[in-house]
Amino acid sequence: MVADVGVRRPALRDIEVNLRTLALTFSETFPDAKITLKDGVVTKAEVPRMPDFKDHAIVDRAVGYVGGNATLFVYDEASNQFVRRSTNVKKENGDRAVGTQLAPDHPGQAVLRRGEAYKARPHCSESRS
């Protein structure tokens, strides 16, 4: 049990760094984005309207700085789901998982619906993502 906690702390720290890097990279590209940090941790990210992405430069740049994975979700009112708008997460066929929905039973659903950032390793497959 103690070893597990020791492993989780560095992993959570890495996720926090990755999220902060993605949020700051996003706000550099889209100045109307408001990123709120507390003690170096992203507590909120707001943007009046999610921009259209011409490419995946934001997620690729953020991942280039710190490694890992990055995804920008957009809430789709018509389907009541979160859809990947830009990501470096791959589907089973190797393509980026852009346009895929976060599965209704995914643990990130509740967190995202509360307006918080989901902090965990990515999981994406065409059947459950």
Side-chain angles (χ1 to χ4, degrees):
M1 191 72 95
V2 173
D4 186 45
V5 171
V7 170
R8 285 186 299 188
R9 280 191 190 131
L12 181 57
R13 193 171 39 248
D14 288 349
I15 290 169
E16 294 288 0
V17 168
N18 290 5
L19 179 60
R20 182 176 60 240
T21 303
L22 178 60
L24 294 174
T25 302
F26 183 87
S27 69
E28 287 173 356
T29 306
F30 300 103
D32 58 340
K34 182 182 176 192
I35 307 301
T36 306
L37 299 170
K38 182 177 181 183
D39 299 324
V41 175
V42 175
T43 58
K44 192 173 220 177
E46 299 173 286
V47 63
R49 185 186 73 76
M50 187 60 95
D52 292 325
F53 299 106
K54 297 175 187 152
D55 55 31
H56 304 288
I58 293 172
V59 295
D60 291 345
R61 195 165 108 214
V63 169
Y65 291 147
V66 294
N69 295 96
T71 298
L72 294 169
F73 286 97
V74 173
Y75 178 73
D76 178 55
E77 290 185 28
S79 66
N80 192 33
Q81 291 297 322
F82 293 96
V83 179
R84 287 175 182 86
R85 181 69 64 82
S86 184
T87 187
N88 72 330
V89 174
K90 305 287 173 114
K91 297 189 294 187
E92 291 174 355
N93 68 3
D95 293 341
R96 289 181 192 248
V98 173
T100 60
Q101 294 181 347
L102 191 63
D105 61 341
H106 190 284
Q109 282 283 354
V111 176
L112 292 173
R113 290 182 186 278
R114 288 192 307 264
E116 301 170 12
Y118 178 65
K119 303 169 187 176
R121 294 194 181 278
H123 173 87
C124 183
S125 71
E126 294 179 63
S127 61
R128 182 182 188 279
S129 54

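Residues V98 and R85 come closest through the heavy atom pair CG1-O, 3.6 Å. Across all their heavy atoms, M50 and F26 have their closest contact at SD-CZ, 3.9 Å. Nearest heavy-atom pair, N18 versus G68, reported as atom, atom and distance to 0.1 Å: ND2-CA, 3.9 Å. The two residues L102 and Q81 make their nearest non-hydrogen contact at O-OE1, 3.1 Å. Taking all atoms of both residues into account, the shortest heavy-atom contact from V42 to A23 is CG2-CB, 3.9 Å.
Considering only residues two or more places apart in sequence or on other chains, R20 meets the salt bridge (Lys or Arg N to Asp or Glu O under 4.0 Å) condition with none of them. Looking at residues two or more places apart in sequence or on another chain, you find a salt bridge (Lys or Arg N to Asp or Glu O under 4.0 Å) between R114 and E116.
In this structure, Q101 and V83 have side chains that are in contact, with non-hydrogen atoms separated by less than 4.5 Å. Side-chain contact between T29 and R61 is present, with heavy atoms from C-beta onward closer than 4.5 Å. With contacts defined as side-chain heavy-atom distances shorter than 4.5 Å, the pair K91/R96 does not qualify.
Side-chain atoms of D55 come within 3.5 Å of backbone atoms of A57 as a donor-acceptor pair (strictly under, hydrogens ignored). Between the side chain of S27 and the backbone N or O of A33 there is no donor-acceptor pair closer than 3.5 Å.
Follow the hydrophobic side-chain contacts under 4.5 Å out from F30 and you reach V74 in the same cluster.
To the nearest 0.5 Å, the span separating NZ on K44 from CD1 on I35 amounts to 11.5 Å. Atom OG1 of T43 and atom CG of L19 lie 10.0 Å apart (nearest 0.5 Å).
Checked against L22 for a side-chain contact (heavy atoms from CB on, under 4.5 Å), the options L72, V17, V63, N69 give a single hit: L72. Each of V59, T71, D60 was checked for a side-chain contact (heavy atoms from CB on, under 4.5 Å) with S86, and the lone residue meeting it is V59.
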